[in-house]
Structures are given as C-alpha cells and as structure tokens.
2 protein chains.
Amino acid sequence: MLKLSRLADYAIVILVKLGEQDGVVTSPALAGITGVPEPTVAKVLKVLSAHGFVLSQRGAKGGYRLARSLAEMSVASVIAAVDGQIALTACVGGRECDTGLSCGLCGSWDVINTAIRSTLEGISLESMRPKEACSTVLHQINKLNVAQTIREGA
Amino acid sequence: MLKLSRLADYAIVILVKLGEQDGVVTSPALAGITGVPEPTVAKVLKVLSAHGFVLSQRGAKGGYRLARSLAEMSVASVIAAVDGQIALTACVGGRECDTGLSCGLCGSWDVINTAIRSTLEGISLESMRPKEACSTVLHQINKLNVAQTIREGA
DNA sequence: TAATTAAAGACCTGAATGGTCCTGTTTCGG
DNA sequence: CCGAAACAGGACCATTCAGGTCTTTAATTA
C-alpha cells in the first residue's frame with residue numbers, strides 16, 4: 001500500500017509533540033503525551049538522537065529536546081533517518097534488479113523516487129502541526145510543481 | 001523504506017512488456033519475457049484483469065492483451081489496483097488513528113498523501129518504457145540529484 | 001471430445017517490522 | 001558518598017504479511 005513504516009510515523013508525531021513542549025522532556029513523558037508505548041518511544045528517540053534531530057541529556061532530570069526548529073526539519077529527512085533511503089523499488093541508479101528480471105525499465109523508477117523525495121522534502125514538520133498550520137500546508141503543496149516537471153518523463 | 005510492494009512492481013513491468021507485444025500473450029510467455037515466475041505472473045494478471053487493465057481470453061489460444069494504451073494508464077492507478085489505496089499512514093480523512101494515539105496532526109498526512117498520489121498520477125506507463133526515453137530520463141535525474149541528498153544535520 | 005488456458009482460491013513459508021527487555025553509563029539530589 | 005533517574009546500545013522474540021505455489025474449475029478451440 002505504499003505505506004510508511006510505523007516507526008517513521010511515530011518519529012514525526014514525537015518530534016512535533018516534542019517541539020510543542022519547552023525544556024527537556026523524558027521519554028516516559030512523551031509516551032504519555034503521544035500514546036505510543038514507552039519502550040518504542042525510547043527506541044525512536046535514540047534513532048533521532050543519533051541522527052541529530054534531538055539533543056539528549058543523560059542522568060537525573062535528563063531528557064530530550066529538539067536540536068533545531070520544526071521548520072528546519074523536512075518530512076523526508078525524518079523518514080530517511082528512521083527507515084533509510086526513500087525509494088519505491090530496489091533497482092535504483094540504473095543498476096540491474098537483484099532478481100535479474102529483464103524489466104529493462106532503465107532509470108524510470110528513479111524519476112518516480114526523486115519526485116516523491118522532492119515532495120516530502122518540501123514539507124516541514126512545522127507544517128505538520130495541527131490547527132492553524134493546515135491552510136499554509138495546502139498552500140505549499142500548490143506551489144510544488146514536481147509532478148508537472150516530471151510529467152510524461154519525456 | 002517507503003517501498004512499493006513487489007507485486008505492484010511486477011504489475012508495472014508486466015503491463016509495459018505486454019504493451020510491446022501484439023496479439024494475445026499467455027502468462028507463461030510473459031513469464032519468459034519478464035523473468036518473473038509464472039504463477040506470480042498469472043496472479044498479477046488476474047488482478048489486472050479484474051481491474052480492467054487487461055482483457056483476458058480463455059481457452060486454447062487464449063491469453064491477455066492490454067485493455068487500453070500504456071499512455072492511458074498511470075502508475076498511480078496500477079499501484080492502487082494491486083496494493084490498494086495509496087496512503088502513507090493509516091489515519092486518513094481526519095479520522096482518529098486506530099491506535100488511539102493523540103497525534104492531533106489534523107489532516108496533514110492527507111496533504112502528503114494527495115501530493116504523492118498526484119505525482120504518481122502524472123506518470124504514465126508509456127513514459128516508463130525503456131530505450132529512447134532513457135536519455136531524457138537520465139538527464140532529468142542528473143538535474144535533480146542535488147535535492148536528492150538527504151540532509152541530516154543542517 | 002480432448003487439449004489448452006484462464007479463473008479462483010486455499011495454503012505454506014520466510015523475511016522483516018514492531019515491540020520488549022536487559023545491561024551499562026551518566027547525572028542530579030539528598 | 002550513595003542512590004535514584006534517565007539515556008545508550010544492544011540483543012532478542014513474536015507477529016504479521018507479502019510472496020509464492022498448488023489445486024480445482026470453467027471456458028474455448030480444434
């Protein structure tokens with residue numbers, strides 16, 4: 001279904017929620033806020049920390065806080081950090097498919113991958129925030145002419 | 001990794017290859033052309049037939065042929081037929097997430113889903129074909145390579 | 001009527017994701 | 001100085017689901 005992994009989904013939610021708090025927040029606290037089970041929250045935060053999205057503070061009174069503002073984080077970068085490279089198919093870069101099937105579709109998939117990547121890069125976590133941000137998001141999308149650029153590929 | 005299911009991948013390849021043949025083609029023949037195992041080809045063709053992408057002819061001298069031209073089939077429609085709705089997350093249409101987690105991300109995901117959907121709708125199977133399209137496609141890739149890099153820290 | 005081929009669905013298997021837990025290390029408070 | 005709190009970094013298990021195979025039935029043609 002072309003669906004996002006749940007971990008990446010969690011990561012987005014956690015980052016947005018974390019951005020709404022001030023000071024450091026513990027993972028149990030974030031679990032309470034988001035409804036995601038605590039161990040899973042901790043796991044996601046570790047990954048996010050390793051990729052520089054959040055700063056951690058160890059010890060008592062420790063916790064996490066954003067490393068930069070939500071506006072400076074793209075949806076694409078978060079997904080890439082949690083799930084790895086954003087690509088629809090295994091055969092990228094014009095390499096032969098690992099299955100050895102002779103699709104001969106050359107780099108057509110790359111175009112699609114790039115288009116989707118660009119789309120996700122154009123959406124910041126800031127614009128994922130609820131309420132008033134909604135209208136601005138729609139505005140952003142309208143400006144994204146990625147589909148037009150790629151259209152028909154020729 | 002935000003990846004497409006392999007069945008959908010096969011479906012694209014099979015349709016493109018089928019469009020290059022003339023007359024009806026049996027599934028064993030298509031298996032030979034594409035390198036995909038025959039039972040899987042048959043399975044995919046059944047789905048494609050049910051969704052009106054191909055026309056089937058039973059009995060001796062039977063087989064499959066395209067119901068319409070490749071130019072009239074979008075990548076999005078094929079994926080939707082094989083994999084179901086194209087959506088990154090389970091929570092669509094502003095409904096509450098099934099997990100009951102209070103993400104409160106309003107309809108932000110819908111915007112992303114719509115953006116990706118329209119991107120895929122803008123790409124026809126015709127433009128996925130190899131050969132002459134390759135050079136132009138590769139050219140596009142090179143132009144988009146910069147934005148393609150995953151931004152981690154900055 | 002016999003051979004060929006699609007239709008339909010049941011069923012098995014294996015990989016991978018999601019989720020949990022454990023141990024170690026750091027930091028703060030008493 | 002000691003204990004509690006909280007992150008770091010793994011290992012580990014389990015469930016799900018996609019991928020693939022097989023069997024039976026129906027239709028068409030020669």
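Numbers restart at 1 for each chain; the letters A, B, ... are given by sequence-line order, proteins then strands. Please read these numbers as outputs of a predicted model, since none were measured by experiment.
- In terms of modelled atom types and a separation under 3.5 Å, the side chain of A:T119 and the main chain of A:A115 share a donor-acceptor contact.
- A:I33 is listed as a side-chain neighbour of A:Q21, based on a closest heavy-atom distance under 4.5 Å.
- Following rounding to the nearest Å, A:Y64 (OH) and C:dT27 (P) show an atom-to-atom distance of 14 Å.
- The CD atom of B:E38 sits 13 Å away from the C1' atom of C:dT4 (whole-angstrom rounding).
- Here the P atom of nucleotide C:dA6 and the CG atom of B:L45 are 8 Å apart, to the nearest Å.
- Checking the phosphate oxygens (OP1, OP2) of C:dA6, a side-chain nitrogen or oxygen of B:S27 falls inside 4.0 Å.
- Scanning residues 47-60 of chain B for heavy-atom distances under 4.0 Å to DNA chain C yields B:S49, B:S56, B:Q57, B:R58, B:G59, B:A60.
- Using modelled atom types, no side-chain atom of A:S77 and backbone atom of A:M73 make a donor-acceptor pair closer than 3.5 Å.
- Dashed line: the shortest gap from a side-chain N or O of A:T26 to OP1 or OP2 of D:dA5 is not under 4.0 Å.
- Residues B:L120 and A:I116 have side chains in contact (heavy-atom distance under 4.5 Å, counting atoms from C-beta outward).
- What separates CG of A:L7 from C1' of C:dG19 is a distance of 9 Å, to the nearest Å.
- Side-chain N or O atoms of B:S118 include one that pairs as donor or acceptor with a backbone N or O of B:T114 at under 3.5 Å.
- For the 3.5 Å distance criterion, the side chains of B:E38 and B:S27 qualify, holding a donor opposite an acceptor.
- Residues A:M128 and B:I112 have side chains in contact (heavy-atom distance under 4.5 Å, counting atoms from C-beta outward).
- Taking 3.5 Å as the limit, the base of C:dG19 and the side chain of A:K43 contain a donor-acceptor pair of atoms between them.
- Counting heavy atoms from C-beta on, the side chains of B:S56 and B:S49 come closer than 4.5 Å.
- Here the side chains of B:T40 and B:Y10 are in contact, with some heavy-atom distance below 4.5 Å.
- At D:dA18, none of the side-chain N or O atoms of B:Y10 fall inside 4.0 Å of OP1 or OP2 (strictly under the cut-off).
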Detail all sub-3.5 Å separations between protein N/O atoms and N/O atoms belonging to nucleotides 21-23 of chain C.
none

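- When rounded to the nearest whole Å, the span between CZ of B:R6 and P of C:dG14 equals 15 Å.
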